[in-house]
Each structure stands twice: as C-alpha cells, then as structure tokens.
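Single-structure report; data block below.
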Amino acid sequence: MLTRLTVIVLLLLCLCGEKQQVLPDDMDLDAVAYPLDAYDLSEHEMVVVARAKYLMAQRCVRQLGADLPPFPTGRMRAPQDDRYGLASRHTAWEWGYSLDKPPVRVIPWELQIDPRSRLHSLLNDGPDGGCLGSANRALAEPTTNPLPRLDDEAWRASRDKPAVRQAAQAWHRCTARAGLDYDDPVEAPYYHWGEKRIAAHRTLTEEDRRNGLRPSGTERRAALVDVRCKVESGFLRAWAEADVAAQRELVRRHLGELTERRRALDLLVRSAETVNG
C-alpha cells in the first residue's frame, strides 16, 4: 500500500512532467547554420585575431611606458538567442525584458580603456592611427565588411514572408489566451515592459545601477508565456527557416564580394597565427 508521502511525491512528479510538456525546450538558435556565417570569423578565429592584435598593441604601448589591461576570456561571437525577440526561458526568468542583463560575449579589451586616458590616446591617436592602427595594418585586417548590411537585409526580408506572418498570428493567439496583447512578437513586449519598468523605478538606487533591474513577478510570467508561445506556434522555426533562405539567396547574389572577404579573413587569421607563435 502506498504511503501518503509516496502519493504526494508521485503527484509532484506528474505535475512537473505536465509543466515540462506545457513549456517546451527553447529552440537553440546558435545551432542554426546561417549561410552568411561562413564568410565571417569563427569563434576560434576571433580569439586568434583578438589575441594577436592585443600582443602587438601591448608591445607598442610598453615602448611608450604604458600597459594594457589583461586579455579577456570568454565568448566573443554574439549569441543568436534574441534574434527574433525574446526566445530563451532562462533569460525570461532571470531578466524578462530588462536591458540590464549582462552581455554573454566578453567586452573587448579596447572598450575597457577610459577614452580620456593617456593609454586610449596611445592606442588611437596620431597620424598612423596609434598602436591599434599599426596592429590592424600589420595584420592586414579588412577595412570593409558587407556582412552586417546583408544580415540586416535578410532579417527584414524574412520577417515579411507569409509563413513568418502566419506563425506570428499563431503566436498572438497563444499570448492572447494568457491575457497578453502585443502588436508584434519582437519590439512590442520590450517597449511595453520597458515603460512599466521606468514608471516603477523613477529613481534608481546604487544597487539598481550595480546589479540591474530584475523583472517583477508579473513581467517574468508574461515573458515565459511569450517564449512558450514562440516555440509552440512555430514562430521561431518559421522565421529561422525564412532567414536562412534569405541569406542563402543573398550569398548567391553577392558571392564574389563575400568570397573576396573570406580570402581577406583567411589572410588575417594566418597573420594572427604568426604573431601568436
């Protein structure tokens, strides 16, 4: 015969299982093979190039009596998890729609330097562009990058595809059943909750500035509904598929330009590997 404790445990396990079914796993957008990524630096290549630039700039500023901050460690490529609006349950729970969430990628060492400091001047000023300019020229870093423009073009074009619009309508019906009413799945929730956060925190405390504003319970629940509906409605999958198709077409149309960029990046990486030893 089952004890009362055993029955309670079984009931809790059942409830947890139901919650897991209602709230499906996030779609891993970082696992999507975006065609334009083939013409950009990989995560490993970004580290190789960043370290080489750091070493060259360090040698330069040390000759002038200065020193750089430590080379940062961590992810350098930007994650894709918010490419189509809030899409991560973890982010929804921890931060909701707050823009205070810490960046996943590391802050480049160049941006950690006070722009009013002598070190910043050594790195950037002068007829030759300072120590950073010298490092960039020595590494043969490309001066133009068509990828942001093409990426934005694909994002905007794919958003208007019929399949994406249909999935957005399904998302809207899903969120409406939970009492939410947003005009669109991307910008509207951030605007809505951003306005509420400003109204509730007219004056920020030192702790607020230091740790960021966490979401209220109401915002957190709304954010979780948003993410669940994006997954259940097929919105994320539909847009990702349309985005990939749009990028594939842009690669076909701009293949010469993109191939030339990839050649330049290969040269950059080889130069950086030589510097790194």
Side-chain angles (χ1 to χ4, degrees), residues 25-56 71-88 91 103-111 132 135-164 167 185-186 230-231 234-277:
D25 291 337
D26 299 340
M27 179 177 174
D28 185 5
L29 294 173
D30 280 333
V32 176
Y34 291 100
L36 287 173
D37 285 350
Y39 302 92
D40 200 2
L41 292 172
S42 67
E43 174 71 22
H44 172 71
E45 289 172 334
M46 283 184 174
V47 175
V48 169
V49 171
R51 184 174 294 280
K53 186 187 297 187
Y54 176 88
L55 291 174
M56 297 183 73
F71 184 77
T73 58
R75 177 174 180 163
M76 291 196 170
R77 282 183 70 94
Q80 300 282 7
D81 61 347
D82 59 353
R83 184 174 178 84
Y84 311 118
L86 183 63
S88 163
T91 301
V104 175
R105 61 190 299 188
V106 300
I107 300 175
W109 61 267
E110 304 98 310
L111 300 181
L132 269 181
N136 289 336
R137 286 192 301 277
L139 290 172
E141 185 165 8
T143 56
T144 61
N145 182 4
L147 292 180
R149 170 177 54 85
L150 296 177
D151 182 78
D152 184 66
E153 184 177 341
W155 187 89
R156 293 180 183 278
S158 58
R159 183 174 186 173
D160 287 332
K161 293 298 181 182
V164 180
V186 182
K230 280 194 174 88
V231 176
F235 173 78
L236 294 176
R237 186 169 301 280
W239 196 349
E241 290 175 353
D243 199 358
V244 167
Q247 287 195 19
R248 190 179 298 119
E249 173 60 20
L250 286 173
V251 168
R252 186 188 66 79
R253 285 162 41 195
H254 298 270
L255 184 59
E257 181 183 13
L258 291 170
T259 300
E260 185 60 33
R261 171 173 170 76
R262 186 61 247 185
R263 289 198 189 101
L265 291 181
D266 290 340
L267 177 61
L268 170 63
V269 172
R270 287 197 295 271
S271 298
E273 289 172 339
T274 301
V275 173
N276 293 334

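Quick caveat, the model's predicted, so the values are computed rather than measured.
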**Message:** Test your reading of the model: is there a side-chain donor-acceptor pair from Gln247 to the backbone of Leu36, 3.5 Å cut-off?
**Reply:** yes

**Prompt:** What is the distance from atom CZ of Arg77 to atom CD of Glu45, rounded to the nearest 0.5 Å?
**Reply:** 9.0 Å

**Message:** Check Asp160 with Arg156, please: is the shortest side-chain N to carboxylate O separation under 4.0 Å?
**Reply:** no

**Item:** Side chain proximity check, Val47 to Thr73, heavy atoms < 4.5 angstrom
**Value:** no

**Request:** Give the minimum heavy-atom separation between Asn276 and Leu55, together with the two atoms involved.
**Result:** OD1-CD1, 3.5 Å

**Item:** Interatomic spacing from CG in Asp266 to CG in Leu41 - rounded to 0.5 Å
**Value:** 9.0 Å

**Request:** Hey, could you give me the CG/CD distance between Leu132 and Glu141, rounded to the nearest 0.5 Å?
**Result:** 9.5 Å

**Asked** Strictly by modelled atom types, are Asp151 and Tyr34 linked by a side-chain donor-acceptor pair under 3.5 Å?
**Response** no

**Fill in**
Nearest heavy-atom approach of Leu29 to Ala240 is CD2-CB, 4.4 Å

**Asked** Which heavy-atom pair separates Met56 from Ala138 by the least distance, and what is that distance?
**Response** CE-CB, 3.1 Å

**Message:** I'd like to check Trp239 versus Ser158 (side-chain heavy atoms, cut-off strictly below 4.5 Å). Are they in contact?
**Reply:** yes

**Request:** Report the relative orientation of the aromatic rings in Trp109 and Tyr54; use parallel for angles under 30°, tilted for 30 to 60°, perpendicular for over 60°.
**Result:** perpendicular

**Prompt:** Salt bridge check: are Glu273 and Arg270 linked by an N-O gap of less than 4.0 Å?
**Reply:** no

**Message:** Any salt bridge linking Glu249 with Lys161? Criterion: basic side-chain nitrogen under 4.0 Å from a carboxylate oxygen.
**Reply:** no

**Prompt:** So, Asp40 and Arg261, do they make that salt bridge, N to O below 4.0 Å?
**Reply:** yes

**Message:** Can you confirm whether Asp243 sits close enough to Arg83 that some side-chain heavy atom of one is under 4.5 Å from a side-chain heavy atom of the other?
**Reply:** yes

**Leu150 side chain near Val251 side chain, heavy-atom distance below 4.5 Å** = no

**Request:** Check the pair Glu260 / Arg263 against salt bridge (charged side-chain N to carboxylate O under 4.0 Å, His left out), numbers first and verdict last.
**Result:** CA-CA 5 Å; Glu260 185 60 33; Arg263 289 198 189 101; 3.3 Å; yes

**Fill in**
To the nearest 0.5 Å, atom CG of Asp37 lies from atom CD of Gln80 at 6.5 Å

**Request:** Return yes when atom CG of Leu267 has more than 12 non-hydrogen atoms of other residues, nucleotides or ligands closer than 6.0 Å, and no otherwise.
**Result:** yes

**Point-to-point distance, once rounded to the nearest 0.5 Å, from CG of Leu265 to CE of Met46** = 9.5 Å

